Amino acid sequence: MELRKYLFRRLIEITIIFFVIMTILFLLFRLAPGDPVSRMVDPSMTPEDARHLISQLGLDQPLYQQYIIYLRNFFSGDFGVSFHYGTSVMGIIWDRLPNTAILFTTSIILSAFVGIFLGKIASWHKDKKIDTWLTLGALICHTLFLPWLALIMIWFFAYKIGWFPLNGILSPEIWIQTDACFFSKLIDVLHHLILPLATLFLIHFGSYLLIMRSSMLDTLKEDYITTARAKGLKEKIIRNHHAAPNAALPVVTSIALSLAFSINGGALTETVFSWPGIGRELVFAVSNNDYPLAQASFLLIAAVVLLSNFLVDILYAYLDPRIRY
Amino acid sequence: MVTNTSDSMAGALDMLPKKRQKISAFNEKWLIFKENFIGRAGLILLSLFALMALLSFIPPLIDPMYHPMTGVDPKISCSVGPSIHHWLGTDFIGRDILSQLLAGAKIAFMVGISSAFISIVLGTSIGMIAGYFGRYIDAILMRLADIIMVMPTLLVVLIFSSLFGQLNIWTIVLVIALFRWPGVSRVIRAQTLTLKQRPFIEAAKLAGASPIRIILRHIMPNVLPLSLLYMTFRVSSAIIIEAALAFLGFGDPSSVSWGMMLQWVWKTGHMFQAPYWLLPPGICISLITLSFYMVGRAMDEVLDPRLRKEDD
Amino acid sequence: MTLLEVKDLSVVYQTRKGFITALNNISFELNRGNTLGLVGESGCGKSTLGMALMRLLPGNASIIKGNLFFENQDLLKLTDDEIRQIRWKKISMIFQAAMNALNPVHRVADQIMEAITTHNSSLLRESAIKQTEKLFDLVNIPKRRMTEYPHQYSGGMKQRAVIAMALACRPSLIIADEPTTALDVILQSQILESIKLFQKKLNLAILFISHDIAVVADICHDICVMYAGELIEYGAKEKVLGAPVHPYTKTLISSYLTLIRDLRPLKPVQDSTTSHISNPDLCCFLNYCPNSEKICRNQKPVWVELAPDHRVFCLLANKIYNG
């Protein structure tokens with residue numbers, strides 16, 4: 001019961017935050033220097049279509065009217081038409097969303113699991129060789145410049161060795177084959193996924209490892225660990241059953257707090273690997289002054305961050321009985 | 001009257017050893033820091049980068065062709081590998097990569113430190129105010145922090161540059177700073193909340209000190225080390241964001257940064273042919289973030305006695 | 001019958017500033033069913049002693065000499081696996097801070113059951129649950145709260161749960177490290193009463209570590225007084241508290257008595273952590289001792305046996321005792 005109340009409260013908070021971001025974005029796009037009309041209306045439109053769109057968006061009406069129209073359009077899923085593609089923004093975004101979701105979730109989950117696991121090992125061998133190497137490796141991976149790492153990965157694994165494709169999500173030859181079965185498509189996508197996934201993984205797992213390590217070292221000093229030792233439990237049980245579940249909690253919190261930062265990395269990775277996701281679309285839209293697409297992608301990315309935050313909250317509540325009860 | 005003077009004398013005498021104590025505490029911390037391998041390595045790396053930034057003024061003086069932005073070797077108009085005249089080679093229009101690299105160090109320090117400084121000043125003051133005053137001030141400021149925290153800074157700067165056109169380097173610094181304070185302010189707020197419970201704050205309140213005086217005189221000195229620690233981490237993240245922005249092609253076109261060098265290598269299709277051009281800027285960005293991070297971690301160990309080796 | 005015999009136990013801590021002696025030549029005995037009180041101010045090494053008996057000292061501490069005989073085997077000679085078999089099954093512990101002694105992410109009953117099943121792996125789950133239920137009954141915690149987590153318990157209940165856990169494997173020795181310090185007076189007396197009750201019921205030996213003389217006087221048969229890592233007076237409760245001989249014991253008791261009787265000016269007990277003397281062989285209380293004489297500065301202190309159940313580590317013991 002407590003849990004439901006807690007999650008409900010978080011959900012409301014998240015919704016409010018989302019609306020605030022939406023409003024800020026609205027104001028930015030209307031009040032930034034320059035003509036807001038030029039940002040909403042495709043310059044290549046015929047004057048008649050343009051006039052129609054201006055009245056549809058309420059750009060000739062006062063700000064609050066425009067805001068109401070903005071909200072109404074949002075709830076009906078209408079984000080306008082992309083200047084660059086000439087198609088509905090919503091359609092483009094729905095098309096890109098799964099790609100981003102695959103890359104983002106797999107990289108976060110994989111790096112969290114590996115980071116927590118290795119951090120546990122490092123803490124257990126504190127100040128020994130394995131700890132030094134793991135910590136050093138994590139530090140270096142964590143501070144590598146992501147786009148550069150991505151370029152190096154492409155240069156080495158795709159260009160020099162040729163194990164993986166240079167970029168993209170599907171090979172053209174499979175794309176063209178209309179009779180290609182689902183399975184071969186899946187294999188091809190996975191083949192394309194490995195390099196960007198490895199890049200994001202290398203960047204992220206280090207920080208989780210470092211947090212888990214120091215959190216584990218703190219936890220091992222807790223009284224209940226002494227209790228567990230005094231109870232005559234095996235060290236392995238103490239480490240995995242008594243220390244790790246407590247030590248993992250700060251890691252989960254830090255995952256939630258770093259989600260926004262991870263999205264930055266996601267956008268960069270997508271751009272370098274030409275992975276057709278929302279982050280790359282945002283970068284493209286900004287380069288091409290495709291304002292409706294930029295606005296919608298940003299909003300969606302904010303929504304993704306908030307939603308993942310909520311999922312992490314659920315996970316946290318599941319892991320920590322002090323919140324569950 | 002007499003007792004009063006003797007009291008104040010005693011007070012003055014008390015002050016002396018206290019001050020000495022403070023200095024020795026600082027010395028002790030410095031000693032622990034120096035013992036720390038990670039901290040030492042970080043400091044050495046940082047001084048190398050500082051040296052690079054200082055040296056960046058020299059190449060253009062030798063020959064205008066070494067100017068990182070406008071200097072072009074008249075004999076070379078494409079990217080060639082290292083040679084006697086160009087120790088690290090040249091870029092696609094014949095500019096010297098080494099002098100670009102040195103100029104990049106200057107930009108990295110400038111962006112990193114100024115942006116981190118602004119965000120730390122913001123974060124520390126907002127954290128102290130929220131923590132000290134509590135109630136609705138706290139609620140408003142912390143909700144604001146929540147909102148900013150879920151916005152990916154890089155993408156926010158991207159949106160800004162799409163709205164306001166090409167951003168110059170100081171605008172970039174400012175925007176990064178404005179979006180990177182919430183993490184600091186949360187930590188400072190938590191610290192302020194615990195400090196508020198301490199008797200000396202209560203005593204200062206009873207003595208009639210104004211809130212501003214309490215914050216400045218009693219709380220700030222106690223949270224400042226923590227702010228300084230966070231500043232080293234913020235320097236790293238500011239450098240990374242600026243580099244990423246430049247890499248995507250939204251940097252300040254009037255200055256050469258490492259991110260921009262990477263963008264040129266990438267966009268001009270030299271990444272497979274010119275490792276001498278691809279490697280240095282990336283290594284520099286990674287190493288400078290690493291060294292700030294290492295200094296930060298070492299400071300963390302100094303400030304947090306729980307992590308010290310002796311209470312294993 | 002002697003259950004535990006500690007002989008010349010010495011422990012040092014390695015710190016940044018060098019080695020610090022935490023325990024120096026501690027020797028005492030504890031019989032089955034008896035309670036031995038260990039009194040001394042904070043930092044005198046009481047808790048280190050408790051941890052040393054379980055061989056749970058932190059990594060930077062080491063036992064440099066001595067023997068720990070428990071049921072006629074030397075605990076210090078056992079392998080890690082063997083000592084693990086002894087922990088909790090034979091010697092269990094009630095911890096100083098019950099709030100933190102329970103793991104916040106596991107149910108209380110599970111934590112108690114874990115102690116039972118670890119040392120009796122053939123036990124069926126059902127009978128382990130039965131045993132746990134009995135333990136909850138014993139310490140008066142309602143059974144419906146078995147499935148709850150530590151944060152749902154009140155402070156006193158947590159303390160009782162910790163006691164139930166200590167009793168789980170029917171140990172022959174319990175080390176109680178300030179079990180009541182964090183509790184209010186009413187809870188404290190309840191807990192002490194129940195500890196006394198279990199001791200009678202189960203014929204437990206208890207090593208009771210406390211800085212509170214009143215509590216120790218209430219519950220213990222024998223008393224050890226510690227100062228700066230050394231044992232300085234050891235004997236039956238009536239002797240040590242009724243007719244203290246060592247100047248430190250006297251100061252300790254008088255400062256306690258002034259609290260309840262007032263009148264006499266308080267004699268502050270000096271902080272033992274700063275009182276390290278240049279010559280470690282001399283009496284550790286030398287610098288603060290009101291009775292010290294020239295002989296104290298020239299000779300090592302010795303154990304003086306004033307009665308079969310009363311020993312004092314002081315050169316002047318006879319002199320003080322007799323007049």
Side-chain angles (χ1 to χ4, degrees), chain A residues 1-3 5-6 116 120 122-128 130-131 212-213 215-253 313-325, chain C residues 47 50-51 53-59 80-108 110-121 147-153 158 161-162 165-166 168-169 171 174-175 177 182:
Chain A
M1 216 51 228
E2 280 298 308
L3 173 68
K5 222 189 268 171
Y6 160 77
I116 287 175
K120 206 167 72 179
S123 73
W124 207 247
H125 301 277
K126 185 174 184 258
D127 293 334
K128 299 219 182 80
I130 183 168
D131 173 40
M212 181 65 182
R213 177 181 174 274
S215 155
M216 190 80 173
L217 289 177
D218 278 350
T219 310
L220 286 174
K221 284 176 203 144
E222 294 280 351
D223 289 340
Y224 52 79
I225 297 299
T226 314
T227 314
R229 286 225 173 85
K231 266 154 83 174
L233 303 180
K234 293 204 173 83
E235 285 296 314
K236 205 178 148 197
I237 294 178
I238 296 171
R239 170 169 46 160
N240 292 330
H241 193 64
H242 285 266
N246 285 289
L249 294 174
V251 184
V252 173
T253 312
D313 283 338
I314 296 177
L315 179 68
Y316 195 98
Y318 174 73
L319 292 174
D320 189 352
R322 280 164 290 188
I323 289 185
R324 217 176 333 143
Y325 294 98
Chain C
S47 296
M51 293 309 235
L53 292 180
M54 296 283 267
R55 285 197 27 203
L56 279 175
L57 289 170
D80 284 352
D81 258 348
E82 286 165 338
I83 188 76
R84 227 186 38 236
Q85 307 292 328
I86 298 221
R87 283 179 193 157
W88 223 259
K89 182 156 195 174
K90 297 288 175 67
I91 309 176
S92 70
M93 239 176 148
I94 301 170
F95 285 96
Q96 196 160 3
M99 319 289 155
N100 308 325
L102 294 167
N103 193 328
V105 303
H106 296 303
R107 293 171 203 275
V108 178
D110 288 347
Q111 296 186 48
I112 293 176
M113 233 156 71
E114 187 182 32
I116 298 171
T117 49
T118 304
H119 295 284
N120 192 351
S121 47
T147 54
E148 290 186 358
Y149 287 89
H151 71 275
Q152 291 164 289
Y153 278 35
K158 264 186 226 166
V162 167
M165 189 152 81
C169 297
I174 289 185
I175 300 166
D177 188 354

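Bear in mind that the values here come from a model prediction, so they are computed numbers and not experimental data. Chain naming here is simple, since letters A, B, ... match the order of the sequence lines and numbering starts at 1 in each.
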Smallest separation among heavy atoms of C:Leu53 and C:Ile175, with atom names: CB-CD1, 3.8 Å
Residue, of C:Gln85, C:Met54, C:Glu114, C:His119, that accumulates the most heavy atom pairs under 4.5 Å with chain A: C:Glu114
A:Lys231 side chain near C:Thr118 side chain, heavy-atom distance below 4.5 Å: no
Part of A:Leu319 lying under 4.5 Å from any heavy atom of chain C: backbone
Check against side chain to side chain contact (heavy atoms under 4.5 Å, CB included), A:His242 and C:His106: CA-CA 8 Å; A:His242 285 266; C:His106 296 303; 4.2 Å; yes
Nearest-0.5 Å distance that lies between atom CE in C:Met165 and atom OG1 in A:Thr227: 5.5 Å
Option in C:Arg107, C:Arg84, C:Lys89 with maximal non-hydrogen atom pairs under 4.5 Å from chain A: C:Arg84
